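All values below come from the heavy atoms of this structure, side chains included, with hydrogens, waters and symmetry mates left out. Everything numeric here is computed off the predicted structure, so don't read it as measured data.
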2 protein chains.
Amino acid sequence: MRRAHHPATEDVALTEVMAALSDPVRIGLLRVLADGGERGWGELRAPVAKSTLSHHLRVLRDAGVTRTRQEGTRCYVRLRRADLEARFPGLISAVLAAADADEVGSGVGLAAEAS
Amino acid sequence: MRRAHHPATEDVALTEVMAALSDPVRIGLLRVLADGGERGWGELRAPVAKSTLSHHLRVLRDAGVTRTRQEGTRCYVRLRRADLEARFPGLISAVLAAADADEVGSGVGLAAEAS
DNA sequence: CCCCTTGTTCGATGTTCGTCGAATGTCGAA
DNA sequence: TTCGACATTCGACGAACATCGAACAAGGGG
């Protein structure tokens with residue numbers, strides 16, 4: 001269960017980031033993580049099975065969009081916003097603004113959040 | 001052969017645009033069309049078969065990224081930059097800047113272009 | 001030690017995608 | 001009208017993807 005495999009900032013590929021961000025669930029996760037804060041895995045709520053959520057988080061991580069930290073049996077995820085901003089200036093902000101306006105991935109949220 | 005089917009500006013979906021722009025060939029087409037000028041089909045050069053190029057142009061058109069105009073037996077394609085800018089401010093510019101920096105889709109070009 | 005929680009991985013399934021060659025439709029020119 | 005250029009569509013293929021349930025590690029707590 002120990003595979004981390006975060007790509008280095010310079011190895012983040014545009015096409016992979018675009019592909020990672022072309023799914024509503026993953027866009028939703030991006031929005032939840034938009035403030036830069038760290039979120040616990042169990043905090044995340046998405047309308048998919050546990051294994052599917054794990055898969056989506058893996059896609060985001062492999063593409064270089066998020067960073068995952070493990071602490072004991074729990075793990076925490078956060079957006080690699082500074083890295084992405086350095087690599088593709090303005091891209092994440094534009095995607096976030098567009099996603100907010102369109103309410104893409106609104107099915108994704110946090111546990112203690114008023115719907 | 002008469003199907004146009006360009007989505008209205010307000011019907012352009014973020015996830016579809018992101019998916020359309022997650023392929024190197026289509027990113028290359030975006031770069032070729034970046035200046036807003038109209039390009040003839042036959043002008044376009046890409047390292048794929050004719051039918052595959054047609055497919056990629058269709059994906060871009062269906063996603064609302066480009067607009068295709070038919071004149072006799074030839075057709076011309078152009079970027080819907082103003083529409084996209086209105087719908088998703090800053091997105092296309094950010095993608096173009098990132099693509100230029102990374103030289104994504106550099107295999108795509110125009111006929112009379114020095115390689 | 002046993003078990004429960006937590007997140008990943010596995011196997012399976014149905015869908016979508018990128019790619020090609022071939023066939024088709026559409027138009028202008030001879 | 002016949003021919004050729006041009007672009008789309010069709011049919012097919014393997015690869016990749018989204019999704020699920022179940023099985024599997026890795027720790028923490030009783």
Side-chain angles (χ1 to χ4, degrees), chain A residues 1-6 13 15-30 33 38-63 65-78 104-105 107-108 110-111, chain B residues 1-6 13 15-30 33 38-63 65-78 104-105 107-108 110-111:
Chain A
M1 179 155 146
R2 241 11 187 344
R3 312 297 172 70
H5 191 249
H6 298 83
T15 51
E16 282 187 36
V17 172
M18 297 297 286
L21 266 33
S22 67
D23 182 281
V25 174
R26 294 195 291 258
I27 290 270
L29 291 168
L30 181 77
L33 299 170
E38 200 172 52
R39 306 283 181 228
W41 208 106
E43 247 182 311
L44 303 172
R45 287 291 173 276
V48 292
K50 196 172 54 161
S51 55
T52 305
L53 180 57
S54 185
H55 162 68
H56 284 310
L57 286 171
R58 179 190 157 92
V59 171
L60 288 172
R61 191 184 58 217
D62 287 355
V65 176
T66 59
R67 188 178 298 280
T68 297
R69 183 175 65 87
Q70 195 149 14
E71 186 176 305
T73 164
R74 282 185 234 301
C75 62
Y76 299 89
V77 60
R78 89 163 60 207
V104 179
V108 180
L110 292 175
Chain B
M1 175 156 147
R2 245 357 185 359
R3 311 298 173 70
H5 192 249
H6 297 83
T15 51
E16 282 188 36
V17 172
M18 297 297 286
L21 266 34
S22 66
D23 182 280
V25 174
R26 294 195 290 260
I27 290 271
L29 291 168
L30 181 77
L33 299 171
E38 199 171 51
R39 306 284 181 223
W41 207 107
E43 250 182 308
L44 303 173
R45 288 291 174 276
V48 292
K50 198 172 51 161
S51 55
T52 305
L53 180 57
S54 186
H55 162 68
H56 284 308
L57 286 171
R58 178 189 155 93
V59 171
L60 288 172
R61 189 185 60 218
D62 287 354
V65 176
T66 61
R67 188 178 299 281
T68 298
R69 182 175 64 87
Q70 197 150 14
E71 185 176 306
T73 165
R74 287 191 204 6
C75 62
Y76 300 88
V77 60
R78 91 162 61 207
V104 180
V108 180
L110 293 174

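Take B:Ser51 and apply the side-chain contact (heavy atoms from CB on, under 4.5 Å) test, not counting sequence neighbours, and it matches B:Ala49. With sequence neighbours left out, A:Arg78 forms a salt bridge (charged side-chain N to carboxylate O under 4.0 Å, His left out) with A:Glu38.
In this structure, A:Leu33 CG and A:Leu60 CG are separated by 8.0 Å, a value rounded to the nearest 0.5 Å.
One interatomic measurement links the two molecules: CZ of A:Arg58 to C1' of D:dA18, which rounds to 14 Å at whole-angstrom precision. Atom pair B:Leu29:CG and D:dA7:P shows a separation of 14 Å (rounding to whole Å applied). Rounded to a whole Å, the CG atom of B:Leu53 is 12 Å from the C1' atom of C:dT19. Between A:Leu44 atom CG and C:dG7 atom P there is a gap of 9 Å when expressed in whole angstrom units. For A:Lys50 and D:dA23, the NZ to P distance is 13 Å, given to the nearest whole Å. When rounded to the nearest whole Å, the span between NE2 of A:His55 and C1' of C:dA12 equals 15 Å. Nucleotide D:dA25 holds its C1' atom 11 Å from the CD atom of A:Gln70, rounded to whole Å. At whole-Å resolution of the value, CZ in A:Arg39 and P in C:dG7 are 15 Å apart.
Side-chain proximity of B:Arg74 to the nucleotides D:dA7, C:dT19, C:dC10 is greatest for D:dA7. The nucleotide whose nearest atom lies closest to any side-chain atom of B:Arg61 is, among D:dA18, C:dT19, D:dT8, D:dT8. Closest contact between the side chain of A:Thr73 and the listed nucleotides C:dT19, D:dG21, D:dA26 involves D:dA26. Considering only the side chain of A:Thr52, D:dC20 comes nearest among C:dG18, D:dC20, D:dA18.
Using modelled atom types, one side-chain atom of B:Arg26 and one backbone atom of B:Ala19 make a donor-acceptor pair closer than 3.5 Å. Of the possible polar contacts, none joining the B:His5 side chain to the B:Asp62 backbone as a donor-acceptor pair under 3.5 Å is found.
Contact check, A:Ser54 against C:dT8: a side-chain N or O comes under 4.0 Å of OP1 or OP2. Between A:Ser51 and D:dC20 there is no side-chain N or O to OP1 or OP2 distance below 4.0 Å. The phosphate of C:dT5 (OP1 or OP2) has no side-chain N or O of A:Trp41 nearer than 4.0 angstrom.
Among the heavy atoms of the strands lying under 4.0 Å from A:His56 are primed sugar atoms or P, OP1, OP2 only; no base atom is included. Contact annotation for A:Val48: backbone-only contact, meaning every heavy-atom pair under 4.0 Å involves sugar-phosphate atoms and none involves a base.
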